[in-house]
Each structure stands twice: as C-alpha cells, then as structure tokens.
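Some notes on the structure that comes next.
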Amino acid sequence: KNQVEQSPQSLIILEGKNCTLQCNYTVSPFSNLRWYKQDTGRGPVSLTIMTFSENTKSNGRYTATLDADTKQSSLHITASQLSDSASYICVVSAGGGNKLTFGTGTQLKVEL
Amino acid sequence: EAQVTQNPRYLITVTGKKLTVTCSQNMNHEYMSWYRQDPGLGLRQIYYSMNVEVTDKGDVPEGYKVSRKEKRNFPLILESPSPNQTSLYFCASSLGRGTDSYEQYFGPGTRLTVT
C-alpha cells in the first residue's frame, strides 16, 4: 500500500530560525514528489515538484531535497517568518496512473 | 488572474438533501479533481477527470458523483448527503496528470456540514 509519512506532526520555532521537515514514502513506482504549503482554511499551494533525477530544488527560502534510494525527502525553511506558519504537506505521485498519495502534513508555527 | 473557484464556500445542509458544489478553472486545464480533507487523514481524492466526458474514481468515491460537460467546470454532486460527508472539500486543476509533474492548483475550499 502506498504511504507517505511526515514528521514531526507539529513544530514551534522562533522567528528567524531554520527548520527541517521530513517525509518518508513507500510509493512505487515513483514518479514525482511535491511539497505544498497550506494556510489555515485555504487551499494548498505548490512549493516544489521533484522528479526521480532531481535531488534538490529551491523556492526562495524553501529548499526541498530528495533521496530516491532511501525514499526520503526533506523541506528546509531558512530564516523563518511569521507568515511561514502553516501546514506543510508532502505528496508523492506514482507512475502509470493519476494516483497522488498525500501525507497528513506538519503543522508549523513561527513565534516571535 | 489564473484561478480555481468553488461555490459555495460554506454550506450547512440536512441529511438526504441533494446538493452540488461547483468548481471552475480559467486556465484551460485538462485535468481536474476533487478532494476531501479531514483532520488526521490528509487530503483524499474523490474523483478526477482527464478531460471533457472522461471521469474516474479516486480513493473515496462512495456517495459522490461528478460530471465534466465543459473543460472549465467540474461539479461535485452529493445525491443524498450523510453526516459522514461533513468535511472540507477542495477542487484542483492542472495541465496534465499528477504523474506528469504539472503543477496542481487548488481552489479555496468548501466547508460542508451535514446534520
């Protein structure tokens, strides 16, 4: 069964600090991995999309890494801001179809 | 402005009363899908559509219907809503399939409560 697990479930950090969110998956065959940011009460917004051949991708202060061998990904947020407070969702796509498997997200809170 | 719109944004209804949630996109996307989001479960796909008149079941299709008569619209129909369909619903669209690495755009969500 395809699964995506994220850790930690929740995280509180001080403004200006860095943090790293983790995503482990068992989706096969792997097609691509996405990170989304979801503000409370709003739809998810895409941060990065990585295919098998990409092992890092950046979008401003967000940097995603992918290790397809160990089936792990991480999202690193640099110099956090209050506006980074949101849920971060890891999504993995399996090849050969339209299947997207969603993680349950990491709830990040950035405090002063 | 490129966007996915959903209506209504909030809806409270009673068990058994048919309802439709509309979804429209202005990006000429072929692929559209519906998700529900419940606490602790993440987003789960209900139905998706590859193009006009082409729809297929996702992970949790029971109790839902969809249609795709026009490229821009993809309504979600609950013929006889039940309390276990109380959830936050999202419509999404993209140029192609999820496996093709196209960016997927989500609507603002519809919070449905069935009493």
Side-chain angles (χ1 to χ4, degrees), chain A residues 1-10 21 23-25 27-54 57 59 64 66 68 73 86-107, chain B residues 2-7 9-10 21 23 25 27 29-51 54-61 66 87-112:
Chain A
K1 181 182 176 183
N2 291 336
Q3 284 189 311
V4 174
E5 295 185 352
Q6 294 187 241
S7 62
Q9 274 192 327
S10 61
L21 314 180
C23 173
N24 296 337
Y25 62 93
V27 175
S28 182
F30 177 86
S31 178
N32 58 69
L33 185 145
R34 305 154 185 256
W35 282 95
Y36 286 91
K37 178 187 179 187
Q38 184 177 21
D39 293 316
T40 301
R42 307 191 72 168
V45 174
S46 179
L47 294 175
T48 61
I49 302 173
M50 290 184 291
T51 60
F52 184 88
S53 59
E54 298 172 294
K57 202 159 204 178
N59 178 357
L66 173 65
S73 176
S87 178
Y88 292 84
I89 303 171
C90 176
V91 186
V92 182
S93 174
N98 294 288
K99 184 71 173 172
L100 292 177
T101 302
F102 287 76
T104 55
T106 292
Q107 189 67 44
Chain B
Q3 61 181 349
V4 178
T5 57
Q6 295 178 228
N7 282 292
R9 294 289 314 279
Y10 303 91
V21 183
C23 173
Q25 50 92 6
M27 296 169 278
H29 285 169
E30 292 188 350
Y31 183 87
M32 297 184 75
S33 59
W34 275 103
Y35 298 90
R36 61 178 289 173
Q37 187 174 35
D38 302 290
L41 293 179
L43 282 145
R44 293 178 292 168
Q45 191 177 52
I46 302 171
Y47 269 95
Y48 64 90
S49 170
M50 294 286 289
N51 213 325
V54 180
T55 63
D56 208 348
K57 297 176 181 179
D59 294 319
V60 288
V66 293
S87 187
L88 181 58
Y89 291 86
F90 289 102
C91 179
S93 75
S94 64
L95 269 174
R97 302 178 308 171
T99 50
D100 294 332
S101 301
Y102 290 113
E103 186 163 337
Q104 188 163 199
Y105 296 86
F106 284 82
T110 295
R111 186 166 293 280
L112 172 66

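Values reported hereafter were calculated over all heavy atoms of this structure, with side chains retained and with hydrogens, waters and symmetry mates removed. Only a predicted model underlies this, so the values are computations on that prediction, with no experimental measurement involved. Below, chain A is the first sequence line, B the second, and so on; all start at residue 1.
Looking at B:L41, the atoms closer than 4.5 Å to chain A (heavy atoms on both sides) all sit in the backbone: N, CA, C or O. The contact between A:Q38 and chain B is made entirely by side chain atoms (from C-beta outward), counting heavy-atom distances below 4.5 Å. In this structure, the portion of A:I89 lying under 4.5 Å from any heavy atom of chain B is its side chain and not its backbone. Interface residue B:R9: only side-chain heavy atoms are found under 4.5 Å from chain A. The contact between B:Q37 and chain A is made entirely by side chain atoms (from C-beta outward), counting heavy-atom distances below 4.5 Å.
For B:D59, the salt bridge (Lys or Arg N to Asp or Glu O under 4.0 Å) partners at least two apart in sequence or on another chain are A:K99. With sequence neighbours left out, the ring pair (Phe, Tyr, Trp, His ring centres under 6.0 Å) criterion links B:Y47 to no other residue.
With B:Y35 as reference, B:F106 is the one residue of B:Y89, B:F90, B:F106 to meet the ring-ring contact (aromatic ring centres under 6.0 Å, His included) rule.
The closest donor-acceptor contact from the side chain of B:Q25 to the backbone of B:M27 lies under 3.5 Å.
For B:H29 and B:Y105, the gap between ring centers is short of 6.0 Å.
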